[in-house]
Amino acid sequence: MYIIGILKWKWEEIMIEKFEQTKKILKDQKQEQILEYPIRNKEEFVSEVLKINFEELNKLYDKAIKNEKVKNSKIEPIPYIEKDKLSEERKEYYKKIGENIIRNNEYAVVTMAGGQGSRLGHDGPKGTFDFGLENHKSIFEVLCDRLKEAYKKYNVYIPWYIMTSRQNNEDTINFFEKNNYFGYSKENIYFFKQGELPVLNDQGKLMLNKEGNINTAADGHGGIFVSMEKEKVTENMKQKGIKWVFIGPVDNVLIKMVDPIFIGICQDKNMLAGGKSIIKAYPEERVGVFCKKDGKPDVIEYTEISKEMAEMKNDKGELVYAESHINCNMFNIDIIEKISKNKLPYHCAHKKIEYLNKEGQVVKPEEPNAYKFEAFIFDAFKMLDEMAIFRVKREEEFAPIKNAEGKDSPKTALELYKNFYSNR
């Protein structure tokens, strides 16, 4: 008991010292106001503050309030390969290359699953959402079915890396364990966490979330490369001999995570990366489109593209800027390593973010009140001279679930999913 008492006293002494260090850092950064709020776990609070890169955070805030505009760039259409226009002979050629890579255990899949299903009225990770199938399969199980199909075909367990978040990591792992990993190889499913950055209010100050911790937000899908490096995912892949990695979102129930033709195209063309596209439904569709920006592959957001450019057509009457980026991307392991060492830029978004006030009450703002900072995966394309763009059919590979109702909702995704599988 005496020794326990000594250890407890020593620990409390260390924590007091660390808290004083934290207070000094906050004062130096003009963030001491956060100490007036109801911090519910001092130990966790100290740990969070000591991890913050205030120099980087201050630069991001300064850029946000200055509302810096992107410099004018030379925008050009990007070449693409359309699946439907490939001859059967050419498809078979690419398919064999891709299948050899799969059979040689040189292929892996990463699913970005850090989000919650709150916008869908679902309490839990988005991947655990039941979108209406009669067998009540979750999104995770539907994705896993694709990997099980690949196992039956190639007799290879493709490693599946799932990026969670601090918020949903434990729930995601428990869901997989509860469902016995959906009959897939447990040894070939890995979980790693997405990075986070503090959010700042309109005055550039730190906030507390409803749990009484520093209010943070995920650092965007472009943060995946740094997370893969930090969590030793890239290292694990290299040890396994992985050469090609597919990275895609959790919320597309028609996502084709194992596509030997796509793999074969990237390999045959000596590309370090590739992206799948679908043709824009109409010129004003609110989607980012693949392009060449200042000679490099890129994605231009719908907010950046002019009406004239959006409606521009070629001599065949087709839209010139029509290749919608659906976030289904292929990367060579070498470029993943390079990207992770060259941090992608952060973009700022002004959002409505709930917070804890000084009285310990949760405030849900009606107007945007804070800045969150995200990296976008397509900013990685700028590091390449060329990339393979593979145009596929919307009805075969794109059924996202983002909204509770209307466009890209469980209802629309379910209909697309059923139509696709009824025609197979």
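This structure is a prediction, so every number in the text was calculated from the model and none was measured. Residues take their numbers from the sequence shown, with the count starting at 1.
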Has the side chain of Asp219 got a donor or acceptor atom that lies under 3.5 Å from a matching backbone atom of Glu374? no
Short question: side chain of Ser165, backbone of Gln194 - any donor-acceptor pair under 3.5 Å? no
If you count heavy atoms of other groups shown closer than 6.0 angstrom to CD of Glu359, is the number above 12? yes
Looking at CG of Asn209 and OG1 of Thr216, how far apart are the two atoms once the value is rounded to the nearest 0.5 Å? 7.0 Å
If I take atom CG from residue Asn213 and atom OG from residue Ser47, how far apart are they, to the nearest 0.5 angstrom? 10.0 Å
With the side chain counted from C-beta on, respond yes when Met112 and Asn327 share a heavy-atom pair under 4.5 Å apart, and no when they do not. yes
Verify side-chain contact (heavy atoms from CB on, under 4.5 Å) between Ile263 and Met330, making sure each step is shown before the conclusion. CA-CA 8 Å; Ile263 301 166; Met330 188 82 68; 3.6 Å; yes
Tell me whether Lys338 at atom NZ has more than 12 heavy atoms from other residues, nucleotides or ligands lying less than 6.0 Å away. no
Could you tell me whether the side chain of Pro260 reaches within less than 4.5 Å of the side chain of Tyr94, counting heavy atoms only? no
Closest non-hydrogen contact found for Ile39 with Ile34 is CD1-O, 4.0 Å
With a 4.5 Å limit on heavy-atom distance, are the side chains of Leu133 and Tyr421 in contact? no
Can you find a heavy atom in the side chain of Thr22 that is under 4.5 Å from one in the side chain of Leu26? yes
Parallel, tilted or perpendicular: which describes the rings of Phe176 and Tyr181, with under 30° parallel and over 60° perpendicular? tilted
Evaluate the ring planes of Tyr157 and Tyr184, with Trp represented by its six-membered ring, and classify them as parallel (under 30°), tilted (30 to 60°) or perpendicular (over 60°). perpendicular
Could you tell me which non-hydrogen atom of Ala375 sits nearest to which non-hydrogen atom of Leu344, and how far apart they are? CB-CB, 4.2 Å
Point-to-point distance, once rounded to the nearest 0.5 Å, from CD of Glu395 to CG of Leu254: 9.5 Å
If you compare all heavy atoms of Tyr346 against all heavy atoms of Lys63, which two are closest, and at what distance to 0.1 Å? O-NZ, 4.1 Å
Interatomic spacing from CG in Leu384 to NZ in Lys296 - rounded to 0.5 Å: 7.5 Å
Between Asn215 (side chain) and Leu356 (backbone), is there a donor-acceptor pair under 3.5 Å? no
Going through the distances and angles, do His325 and Ile377 end up as a side-chain contact (heavy atoms from CB on, under 4.5 Å)? CA-CA 11 Å; His325 177 241; Ile377 199 166; 4.1 Å; yes
Hey, are Glu211 and Asn41 close enough side-chain-wise for a donor-acceptor pair under 3.5 Å? no
Can you tell me if CD on Glu318 sees more than 12 non-hydrogen neighbours from other groups inside 6.0 Å? yes
What is the distance from atom CG of Leu319 to atom NZ of Lys313, rounded to the nearest 0.5 Å? 6.0 Å
Assess the residue pair Lys292 and Glu386 against the criterion (salt bridge (charged side-chain N to carboxylate O under 4.0 Å, His left out)); give the C-alpha distance rounded to whole Å, side-chain angles, the decisive distance to 0.1 Å, and a yes or no. CA-CA 9 Å; Lys292 281 282 189 83; Glu386 300 286 346; 3.5 Å; yes
For the NZ atom on Lys243, are there more than 12 heavy atoms of other groups (residues, nucleotides or ligands in this structure) within a distance under 6.0 Å? no
Name all pairs fulfilling the ring-ring contact (aromatic ring centres under 6.0 Å, His included) condition that reach into residues 108-137, sequence neighbours left out, sorted by first residue then second. His122-Phe129, Phe131-Tyr417
All side chain to side chain contact (heavy atoms under 4.5 Å, CB included) counterparts of Gln116, not counting sequence neighbours: Ser118, Pro125, Gln167, Asn168
Run the salt bridge (charged side-chain N to carboxylate O under 4.0 Å, His left out) check on Glu285 and Lys280 step by step: do they pass? CA-CA 7 Å; Glu285 188 176 13; Lys280 284 173 76 172; over 6 Å; no
Go through the steps to decide whether Asn332 and Cys266 satisfy the test side-chain contact (heavy atoms from CB on, under 4.5 Å), and finish with yes or no. CA-CA 9 Å; Asn332 184 281; Cys266 293; over 6 Å; no
So, Lys23 side chain and Leu35 main chain: donor-acceptor pair closer than 3.5 Å or not? no
Less than 4.5 Å apart, any side-chain heavy atom of Trp160 and any of Asn188? no
About how many Å separate NZ of Lys293 and CZ of Phe381, when rounded to the nearest 0.5 Å? 12.0 Å
Non-hydrogen side-chain atoms of Phe290 and Tyr80 separated by less than 4.5 Å: no
Is a side-chain donor or acceptor of Arg166 paired with a backbone partner of Lys193 at a separation under 3.5 angstrom? no
Checking the side chain of Asp268 only, and the main-chain atoms of Gly264 only, is there a donor and an acceptor separated by less than 3.5 Å? no
Can you check whether His221 reaches Phe376 side chain to side chain, under 4.5 Å on heavy atoms? yes
Restricting to non-hydrogen atoms, name the atom on Pro297 and the atom on Asp385 that form the minimum distance, rounded to 0.1 Å. CD-O, 3.7 Å
Counting only N and O atoms by type, is there a donor-acceptor contact under 3.5 Å from the side chain of Asn53 to the main-chain atoms of Glu56? yes
Do the side chain of Lys256 and the main chain of Glu396 share a donor and acceptor less than 3.5 angstrom apart? no
Going through the checks in order, is the side-chain contact (heavy atoms from CB on, under 4.5 Å) test met by Leu57 and Phe373? CA-CA 9 Å; Leu57 199 60; Phe373 308 100; 4.1 Å; yes
Step-by-step salt bridge (charged side-chain N to carboxylate O under 4.0 Å, His left out) determination, Glu55 to Lys59: CA-CA 6 Å; Glu55 182 181 357; Lys59 284 179 181 177; 3.7 Å; yes
Which heavy atom in Lys126 sits nearest to a heavy atom in Lys402, and how many Å separate them? NZ-CA, 4.2 Å
Counting only heavy atoms not in Tyr355, do more than 12 sit closer than 6.0 Å to its OH atom? no
Flag if over 12 foreign heavy atoms under 6.0 Å of CD, Glu405: no
Any donor-acceptor pair under 3.5 Å from Glu231 side chain to Phe192 backbone: no
Ile278 backbone acceptor or donor facing Ser324 side chain under 3.5 Å: yes
Nearest heavy-atom pair of Pro38 and Gly360: which atoms, and what distance? CG-CA, 3.6 Å
Measure the shortest side-chain to side-chain distance between Asp379 and Lys382 over non-hydrogen atoms and say whether it is less than 4.5 angstrom. yes
ring-ring contact (aromatic ring centres under 6.0 Å, His included): which pairs involve residues 228-270, sequence neighbours left out? Phe262-Phe390
With a cut-off of 6.0 Å (strictly less than), are more than 12 heavy atoms of other residues, nucleotides or ligands near NZ of Lys407? yes
Using a cut-off of 6.0 Å, state whether more than 12 heavy atoms not belonging to Lys30 lie near its atom NZ. no
